[in-house]
Amino acid sequence: MFELAAELRAAGDAPVHDLSLGNPSLEPPPAWRSAIFELLADEQPGLHRYMTNAGFEDVREFIAAHEGARYQVPFTGADITMTCGAAGGLNVLAHATLDPGDEVVVPAPYFSEYEHYCATVGARLVPVATRPPTFGLDAWAIVDAISSRTRWVLLNSPNNPTGAIYKSGELDALADALVLANRGRGVPILVVEDAPYRDLTFEGVGVPSLLGRYANTVLVTSHSKDLGLAGERIGYMLRAPTLFGREMLERAAAYCTRVLGFVNAPALMQRMLPKVLAGGGARVDVAVYARNCRRVAAHLRGLGFGVPTPEAGFFLFPALPERLRGDDGGDVTLTERLVRERTVVVPGTAFGAPGYLRLSLATDSATIDGALAAFDRVCR
Ligand code: PLP
């Protein structure tokens, strides 16, 4: 869809209203720029060389303390691997822990890149249904999908594409169910939390985690979205100190970081983190994303779409009104009609969810104005 938007732009002068790609539109906060200038002024030799594959020791210690305070879990630097974004972290973890034929259970709809991450290690993604209309977690559906080959349960909260935040009660139920499912298994199932949107919640909504709830949890995150640094590739993997095979996984993560060719996360970005995250932490102005999401949600409801209250991030995943659904969900047809109005969205079918659209609202108001006018023309 991103390529299609580029083609539309090349094919005419009228603006294209592109709501297809989750590329953060907000600039990094001023604290980031000051930290980078300060770091560049330091001319000590060696600051830009290779380091140990897991990342700078002092940065890992800082992250351990910072995240320890957040989750009330006693992490040490050994539990942290610095990564090239969340995508780098997920791939390192996949190579470190998945074998060909292993299964990864994932609530659907899900971030479609997961299929490719699994494919690179010969693992298989096993989607399970969530609870409509809010796409809440269904612990029992997850347990039903578990087989002898299940190695990960992969959670993404706040979720791309749905925006859902999994609730404490849902996670407690999942933790209890997994403890039962692990009985008699040599190696317990790993819960992998992919959390790059956890600091983009609106008005202080919390994002509960399985860290501290389930012993075998690994959280992977990045500052692509909350600091607007998607192109700088900085993130990390946070392993519960209670993890089965804790030390082996620490070494495996460092090894996979090296042999996958990342070698290490970018040095300057690592050194920036303690400066920017200390004292509460700067972030992009989430109020802009909140305003965009609420405005578009209200407008689409007026056209008959079903839209849960947006709580985080910059994606909406509206359900098409009955009259536009047809036999196949209607999302591909509606997407094609919107393209004719120079408006680009992603059909839910791309996420295994016909009958929905995904809209990325990390964009400016003029693009949103144009897109909503196109929705009015097409849907009315
Ligand atoms: N996971 C999800 C759910 C995402 O939406 C994205 C990016 O859009 C990523 C992972 C990858 O993010 P990063 O830039 O941190 O690699």
Side-chain angles (χ1 to χ4, degrees), residues 1-2 18-26 28 32 55 63 80-95 104 106-120 125 127 130 135 137 152-166 191-201 207 209 218-238 253 256-257 260-262 264-266 269-270 272-273 276-277 283-284 289 293 310-317 346 348 350-353 358-363:
M1 300 313 290
F2 178 67
D18 181 5
L19 306 184
S20 67
L21 193 69
N23 205 356
S25 58
L26 298 176
W32 175 76
I63 299 289
I80 314 296
T81 303
M82 303 305 296
T83 63
C84 294
L90 288 168
N91 279 282
V92 163
L93 191 61
H95 281 258
V104 170
V106 65
Y110 54 85
F111 179 49
S112 32
E113 294 292 275
Y114 293 157
E115 277 161 28
H116 308 291
Y117 301 168
C118 285
T120 62
L125 208 56
T130 46
F135 304 99
L137 202 63
W152 288 12
V153 171
L154 174 56
L155 303 180
N156 168 221
S157 169
N159 186 272
N160 172 12
T162 66
I165 297 178
Y166 301 141
V191 167
V192 179
E193 294 188 317
D194 175 26
Y197 301 95
R198 69 181 172 158
D199 282 325
L200 285 183
T201 57
V207 180
S209 164
V218 178
L219 184 143
V220 174
T221 190
S222 76
H223 294 289
S224 292
K225 321 286 173 170
D226 62 352
L227 293 179
L229 295 176
E232 302 294 351
R233 313 307 301 137
I234 184 67
Y236 47 88
M237 180 194 302
L238 189 61
C256 292
T257 298
L260 286 172
F262 298 119
N264 55 250
M269 292 303 130
Q270 287 192 49
M272 165 277 293
L273 286 181
V276 175
L277 299 184
R283 63 195 51 149
V284 296
Y289 293 148
C293 287
E311 290 185 313
F314 41 70
F315 295 116
L316 287 188
F317 202 64
V346 185
F351 300 90
R358 192 196 72 174
L359 316 183
S360 168
L361 301 173
T363 188

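The figures that follow rest on heavy atoms only: side chains count, while hydrogens, waters and symmetry mates do not. Along the sequence shown, the residues carry numbers beginning at 1. Remember, it's 1-based here, ligands and their atoms both numbered in the order they're listed.
The side-chain heavy atoms of R283 and W32, taken from C-beta on, include no pair separated by under 4.5 Å.
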CA sep, side-chain torsions, deciding dist, call: C293, L316, side-chain contact (heavy atoms from CB on, under 4.5 Å): CA-CA 7 Å; C293 287; L316 287 188; 4.2 Å; yes

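Expressed to the nearest 0.5 Å, how far CZ of F317 lies from CG of N159 amounts to 8.5 Å. Between the OH atom of Y110 and the OG1 atom of T130 there is a distance of 12.0 Å, given to the nearest 0.5 Å. Rounded to the nearest 0.5 angstrom, M237 CE and T257 OG1 are separated by 6.5 Å.
No donor-acceptor pair closer than 3.5 Å links the side chain of D194 to the backbone N or O of N156.
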Give every pair formed by an N or O atom of ligand 1 and a protein N or O atom closer than 3.5 Å, one pair per line with both atom names and the distance to 0.1 Å, or write none.
unit_1: ligand 1; atom_1: 1 (N); unit_2: D194; atom_2: OD1; d: 3.4
unit_1: ligand 1; atom_1: 1 (N); unit_2: D194; atom_2: OD2; d: 2.5
unit_1: ligand 1; atom_1: 5 (O); unit_2: N160; atom_2: ND2; d: 2.8
unit_1: ligand 1; atom_1: 5 (O); unit_2: Y197; atom_2: OH; d: 2.6
unit_1: ligand 1; atom_1: 8 (O); unit_2: Y197; atom_2: OH; d: 3.4
unit_1: ligand 1; atom_1: 8 (O); unit_2: K225; atom_2: NZ; d: 2.8
unit_1: ligand 1; atom_1: 14 (O); unit_2: S224; atom_2: OG; d: 2.7
unit_1: ligand 1; atom_1: 14 (O); unit_2: R233; atom_2: NH1; d: 2.8
unit_1: ligand 1; atom_1: 15 (O); unit_2: A86; atom_2: N; d: 2.8
unit_1: ligand 1; atom_1: 15 (O); unit_2: S222; atom_2: OG; d: 2.6
unit_1: ligand 1; atom_1: 15 (O); unit_2: S224; atom_2: OG; d: 3.1
unit_1: ligand 1; atom_1: 16 (O); unit_2: A86; atom_2: N; d: 3.2
unit_1: ligand 1; atom_1: 16 (O); unit_2: A87; atom_2: N; d: 2.9
unit_1: ligand 1; atom_1: 16 (O); unit_2: R233; atom_2: NH2; d: 2.7

